[in-house]
Amino acid sequence: MTISEASARPEASARPEASTRVRPSRPSSKPNGQWKVDGTEPLNANEAWKQQDGGLAVRERIEQTYAAGGFASIDPTDLHGRFRWWGLYTQRKPGIDGGKTATLEPHELEDEFFMLRVRIDGGQLTTEQLRVIGGISTEFARDTADLTDRQNIQLHWVRVEDVPEIWRRLESVGLSTTEACGDVPRVILGSPVAGIAADELIDPTPQIEEIQRKYIGDPEFANLPRKFKSAITGHPSQDVVHEINDVAFVAVEHPELGIGYDLWVGGGLSTAAHLAVRTGTFVAPERVAEVWEGVVSIFRDYGYRRLRNRARLKYLVADWGAEKFREVLETEYLDAPLPDGPAAPKPRTQGDHVGVHRQKDGRVYVGVTPFVGRVSGSTLTALADLLERHGSSRLRTTPHQKLVLLDLDAEHVEQVITELDGLGLQARPSLLRRGTIACTGIEFCKLAIVETKQTATDAVLALEERLAGIDLPHPISLHVNGCPNSCARIQTADIGLKGQLLPDGDGGQTPGFQVHLGGGLASADREEPGLGRTVRGLKVTADGLADYVERLVRRFLAERAADRDETFAEWAHRADEEALR
């Protein structure tokens, strides 16, 4: 699902002077389940079944037993636990309203169908792979397909009986669902223009491929405290939302050592947002895989396992701080210390890559916007046909629910853009459409409270009509989430909307949202990442969303300090609360 998650950004710490081995002291109260501190005895049922039989082991049962016996034959622990290690979640049963999300048991909420997440490390696809995904969608998933903000593609309505054949087809073209979900290293975000963009500092593809080849599917890293999210970019736009990943490598030029990566750790959003911190180190390209292994090993060995709501790496980093984290990494997990390194400069361009851009080989790439990541198997197949007609066989998914189409001839690009429009893929979208993303929502997600995809689409269509002719000075990001878990990154949007049920005035409830304003990650319009503000009592109904955003945008345009090119986020943080209602 767009189940994605993301603590403040301190400056890079000075290099630790002491070289002694640092171990956290054992807490005086209850143990936290840190393997290197407390031992490996499971402290909850989830940790117990993971040790008893790891998530990777369930594949054989799916292929040999459950595909033959159907949904009713699936062991409950496999169904609600181990299936995730292979990209499978049960989806929400149709017709269950959001008011019952928190009151029903999982087996009451779930349907006998699955969401299947196709893992796409670095977002790199060929048209052959795209056509296979499109065919699986139309044959086995009722023509569903969603682009996620983790560069994956998700299908719905999948039956367990069909999963072995789906795996066979995916793996025949080099794709998989291995560790697409679960307490494992999830998909590795990579720059969508890796190896392509004329202004790229370094191509991170070799580093992504080395990590994937060495560690994904390795039982040594298949039992982590919780999910582990990675990002690597070599592009100066910093296009992989690195501040909200557990570990991230951001390309930077060292004045003496050349081009390598700035290391960030401990980001994650969900219900308690933490922006990642810089460790102050410089990682040479040939050491990325080693450092990645060190960071994920710290998480495995020192991460908190007793309480799942504190089991993300962000909590350990918040408790230790960047200096201690760096020292443990260097003294316990690396063969040699890391040199100090500079921070990457502010991005100069937008990181979603929408529009037409020059490749380093003289051809062009085109970034396109579907509505809130929603496409279909038919659309993906038609897109593969379109690209091949125009001599291209490569494309990329992005962390912004977009697609980037590669290797197109500049002289034919206008014809390509016209054909893409016919598929609902816009290369020149409105700034509101461009900046809108939405999670899966109540249509399929068992955690959701409100509908998201259609709500966001309807709102943007209405706003495009109402604000026609008005030029926005910058893109305004509108992120719509169906529950508090922030899969759509609501705390880092200009306008972030957290789904909840609101009083309807007649004693009932209506779908709506709590509003977060002025968040954002480092971008061409923003020097530093920051979280959005909330205004007490500021909530909006789903039906009133377009009215609210229109009012807010018009007020921003009337009150912004144009002389200093004030952004929406800057205005939202200084505006009086009444101006934001």
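It should be emphasised that the depicted structure is a prediction, and the values quoted were computed from it without experimental measurement.
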Is [Y] close to [X] at the side-chain level, that is, under 4.5 Å between some pair of heavy atoms?
X    : Y    : result
L431 : I476 : no
Q154 : Q91  : no
V366 : V404 : no
L125 : L175 : yes
R82  : T77  : yes
R489 : H400 : yes
V368 : L383 : no
F249 : P204 : no

Checklist entry - Which residues satisfy the side-chain hydrogen bond (donor to acceptor under 3.5 Å, both in side chains) test with H235, sequence neighbours excluded? => result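 Residues passing side-chain hydrogen bond (donor to acceptor under 3.5 Å, both in side chains) with H235: D199, S237.
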Item to check | Within residues 165-180 or reaching into it, pairs that qualify as salt bridge (Lys or Arg N to Asp or Glu O under 4.0 Å) - sequence neighbours excluded | outcome: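 Passing the test, one end in residues 165-180: R59-E171, E139-R169, E165-R168, E165-R169.
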Next on the checklist: Under the salt bridge (Lys or Arg N to Asp or Glu O under 4.0 Å) definition, can you give me all pairs with a residue in residues 87-100, not counting sequence neighbours?
Outcome noted: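 Applying salt bridge (Lys or Arg N to Asp or Glu O under 4.0 Å) to every pair that reaches into residues 87-100, excluding sequence neighbours, yields nothing.
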Next on the checklist: If the condition is salt bridge (Lys or Arg N to Asp or Glu O under 4.0 Å), which residues does E110 pass it with, not counting sequence neighbours?
Outcome noted: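 Salt bridge (Lys or Arg N to Asp or Glu O under 4.0 Å) check on E110 returns nothing, list empty.
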Next on the checklist: Under the rule for salt bridge (Lys or Arg N to Asp or Glu O under 4.0 Å), what residues qualify as partners of E128, not counting sequence neighbours?
Outcome noted: none
Which heavy atom in [X] sits nearest to a heavy atom in [Y], and how many Å separate them?
X    : Y    : answer
Q238 : H242 : OE1-CE1, 3.2 Å
V372 : A456 : CG1-CB, 3.8 Å
Q151 : L189 : OE1-CA, 3.1 Å
A427 : P429 : C-CD, 3.3 Å
C445 : T440 : N-CG2, 4.1 Å
R119 : N152 : CA-OD1, 3.4 Å

Can a donor-acceptor pair be found, under 3.5 Å and without considering hydrogens, that links the side chain of [X] to the backbone of [Y]?
X    : Y    : answer
E200 : A197 : no
E108 : E105 : yes
N485 : C487 : no
H357 : V354 : yes
N481 : C483 : yes
D162 : V158 : no

Item to check | Test side chain to side chain contact (heavy atoms under 4.5 Å, CB included) applied to D385 and T127, step by step | outcome: CA-CA 8 Å; D385 293 340; T127 50; over 6 Å; no
Rounded to the nearest 0.5 Å, how far apart are [atom1] of [X] and [atom2] of [Y]?
X    : Y    : atom1 : atom2 : result
S523 : H474 : OG    : NE2   : 9.5 Å
L501 : T101 : CG    : OG1   : 8.0 Å
I62  : S73  : CD1   : OG    : 10.5 Å
L408 : H390 : CG    : NE2   : 8.0 Å
T90  : L109 : OG1   : CG    : 9.0 Å
R186 : R150 : CZ    : CZ    : 8.5 Å

For [X] and [Y], does a side-chain donor sit closer than 3.5 Å to a side-chain acceptor?
X    : Y    : answer
T144 : W157 : no
T541 : D543 : no
S191 : D239 : yes
S486 : Q491 : yes

Next on the checklist: With ring-ring contact (aromatic ring centres under 6.0 Å, His included) as the rule and sequence neighbours excluded, what pairs involving residues 160-191 come up?
Outcome noted: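 Residue pairs passing ring-ring contact (aromatic ring centres under 6.0 Å, His included), neighbours aside: W86-W167.
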Item to check | Trace of the salt bridge (charged side-chain N to carboxylate O under 4.0 Å, His left out) decision for D246 with R226 | outcome: CA-CA 11 Å; D246 294 284; R226 284 288 299 276; over 6 Å; no
Item to check | Positive for side-chain contact (heavy atoms from CB on, under 4.5 Å) with V480, one of I495, V450, L497, I437 | outcome: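 Going through I495, V450, L497, I437 one by one, the side-chain contact (heavy atoms from CB on, under 4.5 Å) with V480 is satisfied by L497 alone.
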Next on the checklist: Checking side-chain contact (heavy atoms from CB on, under 4.5 Å) between T436 and each of T457, V460, L463, which is the one that passes?
Outcome noted: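 Only one of T457, V460, L463 forms a side-chain contact (heavy atoms from CB on, under 4.5 Å) with T436, namely V460.
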Next on the checklist: side chain to side chain contact (heavy atoms under 4.5 Å, CB included), that's the test. Do T177 and R117 meet it? Break it down for me.
Outcome noted: CA-CA 6 Å; T177 68; R117 181 178 296 160; over 6 Å; no
Next on the checklist: As a quick check of understanding, evaluate side chain to side chain contact (heavy atoms under 4.5 Å, CB included) for H156 and D146, giving each step before the final call.
Outcome noted: CA-CA 9 Å; H156 296 281; D146 287 337; 3.7 Å; yes
Checklist entry - Within 45° of the six-membered ring axis of Y365 and under 6.0 Å from that ring's centre, is NZ or CZ of R396 located there? => result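 No, R396 and Y365 do not form such a contact.
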Checklist entry - With under 30° as parallel and over 60° as perpendicular, where do the rings of W292 and Y215 fit, or are they tilted in between? => result parallel
Salt bridge or not for [X] and [Y], using N-O below 4.0 Å?
X    : Y    : value
R428 : E414 : yes
R61  : D53  : yes
K453 : E443 : no

Checklist entry - Passes side chain to side chain contact (heavy atoms under 4.5 Å, CB included), V58 versus W85? Steps please. => result CA-CA 8 Å; V58 80; W85 271 242; 5.5 Å; no
Next on the checklist: Quick check on the 6.0 Å ring-centre criterion: do F83 and F114 meet it?
Outcome noted: yes
